[in-house]
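Take a look at the structure set out below.
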There are 2 protein chains.
Amino acid sequence: MEKEKTDKKDHILDVAERVFAEHGFDGASTRLISGEAGVNMAMLNYYFGSKEGLLLAIFERRTTMFHGLIQNIGNTESISSWQKVEMYIEAYINRMFNNNCFQKMLYQELALSRKTEVTDKITQLLMLNITEFRKIIHEGIERGEFGSDLDTDMMIATLFGTKNFLVNTPHVSSLMFGFDMTDQANLDDKLKPRMKNYLTKLLKAYLLHENDNSK
Amino acid sequence: MEKEKTDKKDHILDVAERVFAEHGFDGASTRLISGEAGVNMAMLNYYFGSKEGLLLAIFERRTTMFHGLIQNIGNTESISSWQKVEMYIEAYINRMFNNNCFQKMLYQELALSRKTEVTDKITQLLMLNITEFRKIIHEGIERGEFGSDLDTDMMIATLFGTKNFLVNTPHVSSLMFGFDMTDQANLDDKLKPRMKNYLTKLLKAYLLHENDNSK
DNA sequence: ACTTTTCAATCAATCGTTTGATTAACTTTG
DNA sequence: CAAAGTTAATCAAACGATTGATTGAAAAGT
């Protein structure tokens with residue numbers, strides 16, 4: 001039973017990811033997690049050593065999945081910088097909406113002051129995404145395609161922050177938008193295309209008309 | 001000693017607000033809070049009834065302060081809609097940077113699934129801000145000042161989300177921007193003006209050039 | 001004299017973790 | 001192939017530590 005063991009561990013990780021996202025790390029007790037997963041409480045420590053180890057295991061699993069998905073848009077030569085930005089937005093949103101619970105858990109952990117092994121690894125992972133975006137924008141500026149008075153890092157904060165606000169504060173955003181933001185179907189069918197459309201227009205306006213005072 | 005009592009309660013609220021922001025509600029024990037505040041643990045229950053009551057008291061205090069600050073930009077007739085947006089951004093950022101810990105605490109609470117009295121009140125408070133912004137944008141659209149194909153609610157998510165990302169994930173944003181985001185002096189001197197400048201340009205580009213395909 | 005505030009001590013409950021026994025699965029051996 | 005032996009997985013029970021909260025008495029204030 002080598003296969004089933006992996007399946008069971010994966011199932012625990014799935015459940016724990018969701019429970020951590022819903023209750024936060026401190027608010028999610030090991031009894032709650034094991035109960036939701038339908039396994040004995042001792043199995044968590046048997047498989048992952050500790051609660052912290054469980055968190056780390058969740059992160060490691062997603063990280064290896066992520067690294068397989070990274071596509072170096074920046075190194076492509078044949079397309080315009082704006083097209084690269086469009087591709088980045090598309091890829092970013094697609095990636096984010098596939099790990100809803102994980103993303104939520106991740107930013108809850110980042111909001112706390114404590115520095116742990118997990119916190120550092122999260123930071124490193126985010127910086128990968130950030131570096132990729134920076135490269136695209138700076139190239140666009142050098143090419144003269146974008147204006148020169150751009151705040152690249154602020155754009156990243158906008159990109160990441162807009163998504164986080166919508167997904168991580170579902171009580172508010174559901175009320176704003178008129179549909180349940182905790183329902184994955186709504187996220188995929190309604191929010192996702194709307195976000196792509198909006199963010200593309202927003203960044204396009206900023207990147208291409210930022211120095212334009214004609215109006 | 002009527003005055004000192006209020007002072008001491010206020011001091012506890014100050015400390016608790018910070019500790020909640022740093023550790024989250026579940027991660028902040030009553031012993032830690034009382035220890036940091038330099039008061040006996042039993043004082044928390046004596047003054048606020050329970051840990052939850054303490055959280056509620058923190059919120060109530062800020063709410064009454066907020067309601068005194070609300071200025072109805074929307075109802076002013078003599079200025080352009082764009083000027084109103086500029087005023088809104090200015091007022092929003094000024095307000096946010098005065099309650100750093102509170103804001104952080106607030107969004108940590110919103111990220112959790114549990115629905116409490118506090119959660120509902122937070123939602124109501126945010127909706128006030130949202131409604132005000134909506135009014136300004138819709139007026140601008142009706143006046144023909146802005147394009148008609150705007151996503152107002154997404155703009156709100158951008159406004160709130162950009163700020164949240166910068167302030168609520170200090171580990172990452174400090175690394176991005178090269179200065180310590182947990183230092184209030186840096187926030188006031190460096191981040192605040194940069195954010196105002198950026199958000200103004202970003203929204204201006206989106207509001208005024210959104211339908212422009214000349215480039 | 002009386003009320004309010006403060007405190008150390010303690011409460012029951014819950015926390016993450018460990019234990020030792022039991023069961024299941026696989027390997028070795030006769 | 002089947003019995004014995006070995007390892008891995010699972011479980012109820014309990015561990016010490018910490019949690020939020022309460023107590024009743026002492027201290028301070030009026």
Side-chain angles (χ1 to χ4, degrees), chain A residues 1-59 105 108-109 112-114 116-119, chain B residues 1-60 105 108-109 112-119:
Chain A
M1 60 168 295
E2 181 63 29
K3 193 61 168 293
E4 290 183 18
K5 175 187 165 187
T6 308
D7 284 353
K8 176 163 262 184
K9 285 181 80 168
D10 250 26
H11 173 246
I12 294 177
L13 289 176
D14 285 338
V15 173
E17 197 174 76
R18 178 177 55 80
V19 177
F20 278 144
E22 287 174 354
H23 298 83
F25 182 77
D26 293 310
S29 71
T30 54
R31 281 169 180 80
L32 178 60
I33 296 172
S34 59
E36 295 262 317
V39 302
N40 189 279
M41 199 175 46
M43 299 308 294
L44 302 188
N45 295 288
Y46 178 73
Y47 279 135
F48 309 105
S50 67
K51 192 183 178 184
E52 182 83 23
L54 173 58
L55 182 69
L56 194 62
I58 293 174
F59 181 79
M105 187 195 85
Q108 284 190 55
E109 213 42 43
L112 303 178
S113 299
R114 63 159 168 251
T116 66
E117 190 181 347
V118 178
T119 315
Chain B
M1 66 166 293
E2 183 60 31
K3 193 61 165 297
E4 289 184 17
K5 175 188 164 187
T6 309
D7 284 354
K8 175 162 263 182
K9 285 180 77 167
D10 249 28
H11 174 245
I12 293 176
L13 289 175
D14 286 338
V15 172
E17 197 174 76
R18 177 176 56 81
V19 176
F20 277 144
E22 288 172 354
H23 300 84
F25 182 78
D26 292 309
S29 71
T30 54
R31 280 168 180 78
L32 178 59
I33 296 173
S34 58
E36 296 262 317
V39 301
N40 189 279
M41 198 176 50
M43 300 307 295
L44 301 187
N45 295 287
Y46 177 72
Y47 279 134
F48 308 106
S50 67
K51 192 184 179 184
E52 183 83 23
L54 174 58
L55 182 69
L56 194 62
I58 292 174
F59 182 79
E60 297 288 0
M105 187 194 86
Q108 284 192 54
E109 214 42 42
L112 303 177
S113 299
R114 62 158 167 252
K115 273 206 143 199
T116 66
E117 190 182 346
V118 178
T119 316

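Reminder, nothing fancy here: chain letters follow the sequence lines and each chain counts from 1. Values reported hereafter were calculated over all heavy atoms of this structure, with side chains retained and with hydrogens, waters and symmetry mates removed.
Between the C1' atom of dT14(C) and the NE2 atom of His23(A) lies a distance of 15 Å, rounded to the nearest Å. Summarising the geometry, the separation between CG on Leu32(B) and C1' on dA17(D) is reported as 16 Å, rounded to the nearest angstrom. Rounded to an integer number of Å, the gap from Asn40(B) CG to dT22(D) P is 14 Å. When the P atom of dC15(C) is taken as reference, atom CZ of Arg31(B) falls 15 Å away, rounded to whole Å. Atom CZ of Phe25(B) and atom P of dG20(D) are 8 Å apart (whole Å). Per the geometry, OH belonging to Tyr47(B) stands 17 Å off P belonging to dT22(D), to the nearest Å. Straight-line distance from the CG atom of Asp7(A) to the C1' atom of dT10(D): 17 Å, rounded to whole Å. At whole-Å resolution of the value, CG in Asn45(A) and P in dT10(D) are 14 Å apart.
Within the 4.5 Å cutoff, the side chain of Thr116(A) has no heavy atoms near those of the Leu56(A) side chain. The closest side-chain heavy-atom distance from Ile33(B) to Met41(B) is not below 4.5 Å. Proximity of Glu36(A) to Arg18(A): side-chain heavy atoms (C-beta onward) are separated by under 4.5 Å at one or more points.
Note on Ser29(A): only backbone sugar-phosphate atoms sit closer than 4.0 angstrom, heavy atoms only; bases stay farther off.
Within the structure, a side-chain polar atom (N or O) of Thr30(A) is placed less than 4.0 Å from OP1 or OP2 of dG16(C). One finds no side-chain N or O of Lys51(A) lying less than 4.0 angstrom from the OP1 or OP2 phosphate oxygen of dC15(C).
Ion pairing between a basic and an acidic side chain is recognised when a charged N comes within 4.0 Å of a carboxylate O; Glu109(B) and Arg114(B) show such pairing.
Nearest to the side chain of Ala42(A), among dC11(D), dA14(D), dA21(D), sits dC11(D).
Mapping Tyr46(A) and Met41(A) onto DNA chain D via the closest heavy atom, the residue that lands nearer the 5' end is Tyr46(A).
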